[in-house]
Amino acid sequence: MLRDTQEEWRVSATATPFTGKKTSVRSDEVVMPDGTTAVRDYQVHPGSVAVLALDEAGRVLVLRQYRHPVRHKLWEIPAGLLDVPGENPLHAAQRELYEEAHVKAEEWRVLTDLYTSPGGSDEAVRIFLARGVSEAEGERFAVAEEEADMEVARVPLAEVVAGVLAGDLHNNCLVVGVLALQAALAADGGLDALRPAEAAWPARPFTP
């Protein structure tokens, strides 16, 4: 079975030329196997969670949001940062689903884990599958900036998968999430074989 393994090459020098509100840029001199060094610049990221919310009709909850770096409005699934180091990712996912879509869910599983761009960022994302979705109680979370223009829709899974394969949908969490869900539905054991919502996450350790 294929399995990624943790390994850390020696860093002979490091610097942080930029520190932002949520992320920073680090520059490391990494010692290569032949003894030479190479500079590797990368984004230091707190980690993220994303939620593929699937309703009883087999529709995926999606959001359309402007993303300035790529100059596009992208269809995405609810997602957000881990607010504090060691935060329980399930709690963060439940928060994001409530804040972005005013939705709650009864059943949670881990769909998949990924590094978004391991050549240039240490961002790790856990994508959850949420089922038994319904409207949340209380007032809606106050949105601002790009989120103030956000659209919400529920789209059949097959339609979202078709959009991914046609090259019409590009958000990485949406792409990975819907294809992982499609694979899980076709696998032995189906969705019940997915990991529990509190499964360990070595990339971002947390206390259940």
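The figures that follow rest on heavy atoms only: side chains count, while hydrogens, waters and symmetry mates do not. In what follows, residues are counted from 1 in the order of the sequence shown.
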Do [X] and [Y] share a hydrophobic cluster (ILVMFWY, side-chain heavy atoms under 4.5 Å, transitive)?
X	Y	answer
L54	V152	no
L61	V160	no
L111	L114	yes
L74	M150	no
V51	L129	no

Identify the two heavy atoms, one from [X] and one from [Y], that lie closest to each other, and give their separation to 0.1 Å.
X	Y	value
W201	S48	CH2-O, 3.4 Å
T19	S24	CA-CB, 3.9 Å
C173	I127	O-CD1, 3.7 Å
R204	A124	NH2-N, 3.8 Å
P196	V110	O-CG2, 3.2 Å
F206	G86	CB-O, 3.6 Å

Notebook entry, point to check: Does Y42 sit in a hydrophobic cluster with other residues, and if so which ones, taking ILVMFWY side chains as linked at heavy-atom separations under 4.5 Å, directly or through other members?
Noted result: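 So far as hydrophobic clustering goes, Y42 is joined with V44.
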Do [X] and [Y] touch side chain to side chain, with heavy atoms closer than 4.5 Å?
X	Y	result
V60	W75	no
V125	N172	no
K104	Q94	no

Is [X] atom [atom1] crowded by more than 12 heavy atoms from other residues, nucleotides or ligands, each under 6.0 Å away?
X	atom1	answer
H72	NE2	no
D34	CG	yes
E56	CD	no

To the nearest 0.5 Å, what is the distance between [atom1] on [X] and [atom2] on [Y]?
X	Y	atom1	atom2	result
D55	R131	CG	CZ	12.5 Å
T36	E29	OG1	CD	11.0 Å
D28	T37	CG	OG1	11.5 Å
R109	L181	CZ	CG	13.0 Å
E151	Y66	CD	OH	15.0 Å
N171	L63	CG	CG	9.5 Å

Note to self: Strictly distance-based, threshold 3.5 Å: is any side-chain N or O of E87 a donor or acceptor partner for the main-chain N or O of D83?
What the structure shows: yes
Checklist line | Side-chain donor/acceptor of R126 to backbone N/O of L90, under 3.5 Å | finding: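 Between the backbone of L90 and the side chain of R126 there is no qualifying donor-acceptor contact (under 3.5 Å).
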Next item on the list: Could you please spell out the steps behind the side-chain contact (heavy atoms from CB on, under 4.5 Å) verdict for V164 and Q182?
Entry: CA-CA 12 Å; V164 169; Q182 188 87 326; over 6 Å; no
Notebook entry, point to check: If you measure only the distance, is there a donor-acceptor pair under 3.5 Å linking the side chains of E123 and T116?
Noted result: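 A donor-acceptor contact under 3.5 Å links the two side chains.
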Next item on the list: Look at D122 together with R26 and state whether they make a salt bridge at an N to O cut-off of under 4.0 Å.
Entry: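 No salt bridge links D122 with R26.
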